[in-house]
Structures are given as structure tokens and as C-alpha cells.
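A short write-up of the structure that comes next.
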Amino acid sequence: MKKKMRWLRIGPVVALATIGLSPGIAPALANENTNHPAIGDTSVFASVPAPGHPFGVAVDKNRVYISTSAGDFFADPAKGGHLNSDGERVFAYDKKGNLVTTTSIATMPKSNMGLFGLVLDGNPRPDHQLYIADMNGRILRLALDQKNATPVLFAQAPLAGGWKVTMWNDLVFDRAGNLFMTDDKPRLWRVTPDGQASIWFQDPGIAGFFGFAGGPLGGRIDPSGKFLYFTITISAAFPGEAVVYRLPLVDHPSASDLQLVHRFPVVPGQQLPQASGLAFAESGNMYVGLIGTDQIAVLDPAGNEIRRISSPLFHSPWGLAFMGQSLLVTNADIQPFEIPDHWKVLKVFVGEAGLPLNRPRTSGAEDAES
């Protein structure tokens, strides 16, 4: 979701070094007596140019891909709001954070929602592809090894009405090559390898607090390959809380299959937690972005919170992806007063390797040729 958080980020901002920490857990500080990084050490990996607001992140062998989401559904051009008239971007960086290529993504007419989830397939070169979630209910596909390739439509929600009816947020492949999509309306979708989209699961129990907003956002498959985990930004079932659920990867899950993994409680006097993207480590630990408190929460395989990572550099940490023993974190900066200097991709040392994502071979690369 984008910009709804303006309603929620109220009151004085609590110092990032002290908010939302579990008892006995302090923010990690660099050890001045060693060159080794400490858990939670955070630095700037890359700056993101206009239109800014980096949301999605995907890490390939030699590249890092970042999507933008500059659209603002509170847009008022007279007050400097955005209607996405210039479209969105997918930026490619090398592993040192240098910008290598820029791909423009034309948005739908008068669109005020942008891009989020990014996922890579396993096709060998020259047929390697990037799949891009457009929150206006589309999945686009970009051929990465074709010069000046233009993104093509891979799948579209079979429901009219734009993002207010269907807003695809994050996407992830299963081992068979199906794409699973989060939709905060509240639904989860499955898109078959031929691009056919259907509702996989829906239930009012995963609704967002505002009905049209705040539902399923981040999504990842666990190390067993048997469950889809997903975040609820602001839960209606647990008012104001952020929640992580999971569902078994069966053909037709029911409400009885829904399993509660973790609740992030509302703490009086602090911002609502607001869960966003998530990522699994090889260990089974799960990392969850909390855009309300500007933190990364770490859950163990049983769903218990074991750590919070805070940094003064965090401004709405949105998408998460592992690179080595660090997390790359997109800094969307969706504060009421937007500061372009906050539009960064951050590198956060966590001391463990990420779980490799499913990257099945896919077809259709030839359709994306320019």
C-alpha cells in the first residue's frame, strides 16, 4: 500500500533508537574495536533517482533491481501530489550500488498507484526475465538480456475497477512455476505459468483495518516450500496490529487452513507497526519490515520475535531481499512530507544468508523482445 499511512503517522515521532524494542534487546551498534560488522549495521547501498519511492527489490547474480511507486492516491496537484503522469521505473544496479540501466514503465491513465513486488525466473541467458507487480492489477514481464526491451503484460486481474477493487502487491514463485500474489482487498491470487489469474484464497479474517486498505501486502514461501507466509499491514481482526499469517500451498485452501504466525501489538504512545515486505533466511528466521515504527523485526521459525533492528536511516522500510549476509531494504519514505534524500536502498548486516527463492524456468521470453 502507498500513502494510506499518512492517516496513521500522527503525534510526535519517537526516537528510532528507543521505539518498539523487545525487552532486553537494544539496537545493534558497530563495534569500534573491530572491522567486523555488527548485527544491524546499516549503510546506504544506493540512491534512487526520480520518481523515487523505492518499493520492490530483487537480487540477481550480478544485478539488483528496484521498482518505484511514486503514485499518491491522496494526490492533489495543487499541493504537490503525484498522479504518476511520468510513469514508474525499474532501476538496475550492480552489486556495488552503481546505477546501470533504467527501464520506464508506463502507468495506466491517471494512475495514482505504482509498482511493488519483483521476482526473477530461472531461465538461462539470453532468456532471463523479471516479473513486476503493478499495483493497478497487472503483472508485467521484462526480458533482462535484450537491449532496450519493453515490459509486456503477463497477467491481469479479471476484475474491473482498478486498485480500489484489486491491488496486487507482492509476488513469489512456487516450485511449479505458479506466481502467488497478495491483494489487500483481501485476497490472495494464483497465476499459472500461462498467465491465467484466479483467486486462490479470500476471507474477511485477513481484511485490512480500513476495508479497502491495509490487508495482505508482503508474501514469501518458507524453507519447507509448503507454506505461503504473508503480512497484514493493519489488521481488522486485531485492530491496529500488524499480523503475519501462513497458508498451506494446496489447490484450494479454506479458512480453517489459515494459521496465525505472529501479531505485532499496538503500543500506546507509539506508531502502529504496519508490516510490509518479508524475507526468509536459510535458518528459517523471518525478517519483516515495519513501516510504522521504521524497523525490521526478526522472527524465529516458530514465529517468536527475537530482535528488532532500528537505524536513523530507516524511513518506511518496504521491500526486503538478501544479498550475502545482509538485507537490502528499500527506503520508500512515505511520510506526509516527502524528502527525496531519503529515497535510498539500504544495506543491513544480519549475519546470516538468505533462503534462495524459487526461480523456475518460464516461457514467453521471445514476446518481450523490443
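For reference, positions follow the sequence shown, starting with 1.
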Derivation of the side-chain contact (heavy atoms from CB on, under 4.5 Å) call for Val298 and Val350: CA-CA 10 Å; Val298 188; Val350 296; over 6 Å; no

Sequence neighbours excluded, the answer for side-chain contact (heavy atoms from CB on, under 4.5 Å) partners of Gln325 is Phe349

Between Thr362 and Gln129, does a side chain to side chain donor-acceptor pair (under 3.5 Å) hold up when you go through it step by step? CA-CA 8 Å; Thr362 63; Gln129 299 176 109; 2.9 Å; yes

Does Tyr287 have any ring pair (Phe, Tyr, Trp, His ring centres under 6.0 Å) partners at least two apart in sequence or in another chain, and if so, which? Phe322

Side chains of Phe314 and Val348, heavy atoms from C-beta outward: is any pair under 4.5 Å? yes

For residues Leu217 and Ile232, determine if any side-chain heavy atom of one lies less than 4.5 Å from a side-chain heavy atom of the other. no

Note: with side-chain heavy atoms under 4.5 Å as the link, the other cluster members for Leu357 come out as none

Does a donor on one side chain and an acceptor on the other come within less than 3.5 Å for Thr182 and Arg187? no

Clusters formed by hydrophobic residues whose side-chain heavy atoms approach within less than 4.5 Å: which one holds Met181, and what are its other members? Val119, Tyr131, Ile139, Phe154, Leu159, Val165, Trp168, Leu171, Phe173, Leu179, Trp189, Val191, Ile199

With sequence neighbours left out, what residues match Ser47 under side chain to side chain donor-acceptor pair (under 3.5 Å)? Lys344

Would you please name every residue forming a salt bridge (Lys or Arg N to Asp or Glu O under 4.0 Å) with Arg190, sequence neighbours left out? Asp251

Note, Leu188 side chain near Asp183 side chain (heavy atom, < 4.5 Å): no

Is Leu355 isolated, or which residues cluster with it under the ILVMFWY side-chain rule of less than 4.5 Å, directly or via members? Phe227, Tyr229, Val244, Val261, Phe264, Leu278, Phe280, Met286, Val288, Leu290, Leu299

Least distance between heavy atoms, Ala197 atom then Pro158 atom: O-CG, 4.1 Å

Any side-chain heavy-atom pair from Arg89 and Ile105 closer than 4.5 angstrom? no

Salt bridge (charged side-chain N to carboxylate O under 4.0 Å, His left out): pairs with one or both residues in residues 219-237, sequence neighbours excluded: Asp170-Arg220

Do Asp60 and Leu130 have side-chain heavy atoms sitting under 4.5 Å apart? no

Looking only at side chains, do Glu241 and Ser235 share a donor and an acceptor under 3.5 Å apart? no

Could you work out, with salt bridge (Lys or Arg N to Asp or Glu O under 4.0 Å) as the rule, every residue matching Asp145, not counting sequence neighbours? Arg125

Given side chains that start at C-beta, do those of Ile296 and Pro317 come closer than 4.5 Å, heavy atoms only? yes

Partner residues of Asn178 under the side chain to side chain donor-acceptor pair (under 3.5 Å) criterion, sequence neighbours left out: Asp174

Residues that Phe45 engages under ring pair (Phe, Tyr, Trp, His ring centres under 6.0 Å), provided they are two or more places apart: none

Applying salt bridge (Lys or Arg N to Asp or Glu O under 4.0 Å) to Arg361 and not counting sequence neighbours gives none

Does the Asn331 side chain pair with the main chain of His315, one donor and one acceptor, at a distance under 3.5 Å? yes

Point-to-point distance, once rounded to the nearest 0.5 Å, from CE of Met323 to NZ of Lys95: 6.0 Å

Is there side-chain contact between Leu320 and Val57, with heavy atoms separated by less than 4.5 Å? no

Does either side chain, that of Gln274 or that of Thr233, offer a donor lying less than 3.5 Å from an acceptor on the other one? no

Say you draw a straight line from CD of Gln295 to OG of Ser310; how long is it, rounded to the nearest 0.5 Å? 3.5 Å

A side-chain contact here means heavy atoms from C-beta on lying under 4.5 Å apart; do Trp318 and Asp333 qualify? no

